[in-house]
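This one's a predicted model, so the numbers in the text were calculated from it and none came from an experiment.
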Amino acid sequence: MFYVLSSHNIYALKRQFKTLPVDKTTVIINTTHIEFRQQAIAYCEENKVRYFVTESDGTAATGKNSFLDRFEEDGVPYAVLIDGDDYLTKRGVVMYQRLAEQEDAPDALVLFNQVNITETNHNRVERSQDPIRPHEDPTTLTSRYIQSSAVADWNELAKGFLVADNVPDITVEEVEMFKKYISTLQYSMGIDELSTRLVFMSRKVLPYRFNKGLTVGEDTLQYLELKDAHERGELKLAAHNEKFPTYMYDVRISGIALKESQKDQGKGFINWMRVLLAEMDCLKDNNKLHKTRVPILEF
């Protein structure tokens, strides 16, 4: 039922099993790092953890699609996907197992009021480009808990001051693009988050693959496609309030998203945002963006 997609941090892989049951967990090793691949295989074999090594091209989408392949092959009714950097809380393990037993369980469950773990004593921009960072032991790092994706005021955010004040040499065109990006998310997300991630899912999700053309944002695009499927009655989508967290995002050791966003003092964010916005425009042109709120899971 539980699937861990692991690409680069052996300490984070070991941390998974502080909460996950070994007999219900599969590790997907999807990496271009030969040393990590060997470490992960050795750990799984030593601890009798079921695992598969899948072909990697370094993109998040390819790794997540390899998880979908395994989910499909296994034939189980529900899956919980945990990114290798992150982990489930004890509450999350219990909740998702119980949810899978419910007759009215959603086909796709995303999160809002998501909790991120960040560091307290480092320059975020400099740290994001440190090649050592993704491989560090998280127990040696400082911790600060924030809700970085939550939006308190969409209209204020859409004015563009945040990006204009934090990205040096940003152009007028790029600020306007950011405004459009925020306005599109405000219209279509259905939860007050800049991004979210699919965690719990049924087999009805299998056709909705991750877009390999996106360096960052593949989760958001897939979510919007699932929201469209929900609106058309093809599956049941719900959102869970993470006031009492089930899933912890550890951005201290995260891989692609933070590194890409902080490239060139924030220009990296502009670059991937441009590509994601173009994909969202395609959804809009095909009437696949919906100004509706997502049902809240009460569990």
Side-chain angles (χ1 to χ4, degrees), residues 1-101 115-117 119 130-143 197-201 210 245-259:
M1 174 181 182
F2 299 103
Y3 292 82
V4 176
L5 180 59
S6 194
S7 65
H8 61 268
N9 190 303
I10 191 63
Y11 304 106
L13 177 58
K14 294 177 180 179
R15 179 175 63 181
Q16 301 288 347
F17 296 95
K18 291 182 178 180
T19 56
L20 292 177
V22 171
D23 62 338
K24 295 181 180 180
T25 302
T26 297
V27 173
I28 307 295
I29 302 169
N30 185 268
T31 184
T32 58
H33 300 285
I34 296 176
E35 182 179 359
F36 171 75
R37 183 187 303 123
Q38 294 170 337
Q39 290 175 330
I41 291 172
Y43 173 80
C44 290
E45 291 184 345
E46 180 181 350
N47 292 277
K48 297 180 172 56
V49 177
R50 181 178 187 248
Y51 75 92
F52 294 89
V53 178
T54 58
E55 186 174 350
S56 173
D57 60 4
T59 66
T62 294
K64 291 170 184 175
N65 285 332
S66 73
F67 146 71
L68 289 174
D69 291 339
R70 176 45 47 190
F71 177 27
E72 183 171 24
E73 182 73 18
D74 285 349
V76 294
Y78 293 99
V80 178
L81 175 60
I82 306 109
D83 189 271
D85 303 327
D86 310 323
Y87 62 92
L88 291 190
T89 63
K90 290 181 180 179
R91 181 179 187 275
V93 172
V94 172
M95 190 191 88
Y96 294 125
Q97 289 186 107
R98 289 180 178 173
L99 189 59
E101 297 170 355
V115 178
N116 291 356
I117 311 174
E119 291 182 82
D130 188 340
I132 297 175
R133 179 186 61 82
H135 307 282
E136 290 186 303
D137 182 349
T139 64
T140 67
L141 304 174
T142 58
S143 301
R197 176 175 298 177
L198 180 65
V199 176
F200 175 93
M201 69 202 77
F210 294 90
T246 65
Y247 187 109
M248 299 295 295
Y249 294 80
D250 194 341
V251 299
R252 300 172 302 175
I253 56 171
S254 62
I256 297 173
L258 181 61
K259 181 179 179 181

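Smallest separation of non-hydrogen atoms from R37 and T31: NH2-O, 3.1 Å. Residues Y51 and C44 come closest through the heavy atom pair CD2-CB, 3.5 Å. Summarising the geometry of G84 relative to A12, their closest heavy-atom pair is O-CB, 3.2 Å, with the distance given to 0.1 Å. Considering all non-hydrogen atoms of both residues, I10 and F36 come closest at N-CE1, 3.5 Å. Minimum interatomic distance between F71 and Y78 (heavy atoms only, all atoms of both residues): CE1-C, 3.9 Å. Considering every non-hydrogen atom in both P245 and V115, the closest pair reads CG-CG2, 3.7 Å.
Proximity of a side-chain donor or acceptor of R252 to a complementary backbone N or O of T142 within less than 3.5 Å is detected. A donor-acceptor pair is defined here as one N or O able to donate and one able to accept, closer than 3.5 Å; no such pair exists between the side chain of T246 and the backbone of G92. Between the T19 side chain and the L88 main chain, a donor and an acceptor come within less than 3.5 Å of each other. At least one donor-acceptor pair closer than 3.5 Å links the side chain of N9 to the backbone N or O of E136.
The neighbour count for E45 CD, taken as heavy atoms of other residues, nucleotides or ligands under 6.0 Å away, is above 12.
Counting only N and O atoms by type, the side chains of D86 and Y247 include a donor and acceptor under 3.5 Å apart. For the residue pair T139/Y11, the side-chain donor-acceptor check at 3.5 Å is not satisfied.
Atom OG of S6 sits about 11.0 Å away from atom CD1 of I82, to the nearest 0.5 Å. Distance check: L81 CG to Y3 OH gives 10.5 Å after rounding to the nearest 0.5 Å. Atom CD1 of I28 sits about 12.5 Å away from atom OG of S56, to the nearest 0.5 Å.
Looking at T25, V27, D74, V22 one by one, the single match for side-chain contact (heavy atoms from CB on, under 4.5 Å) with R50 turns out to be D74. Test Q97, R98, R91 against M95 for side-chain contact (heavy atoms from CB on, under 4.5 Å) and you get one pass: R91. For the side chain to side chain donor-acceptor pair (under 3.5 Å) with H8, the qualifying choice from T32, D85, N30 is D85, the only one to do so.
Using cut-offs of 30° and 60° on the angle between ring planes, the pair Y96 and F200 is parallel.
Within the cation-pi definition used here (under 6.0 Å to the ring centroid, within 45° of the axis), R15 does not qualify as a partner of Y87.
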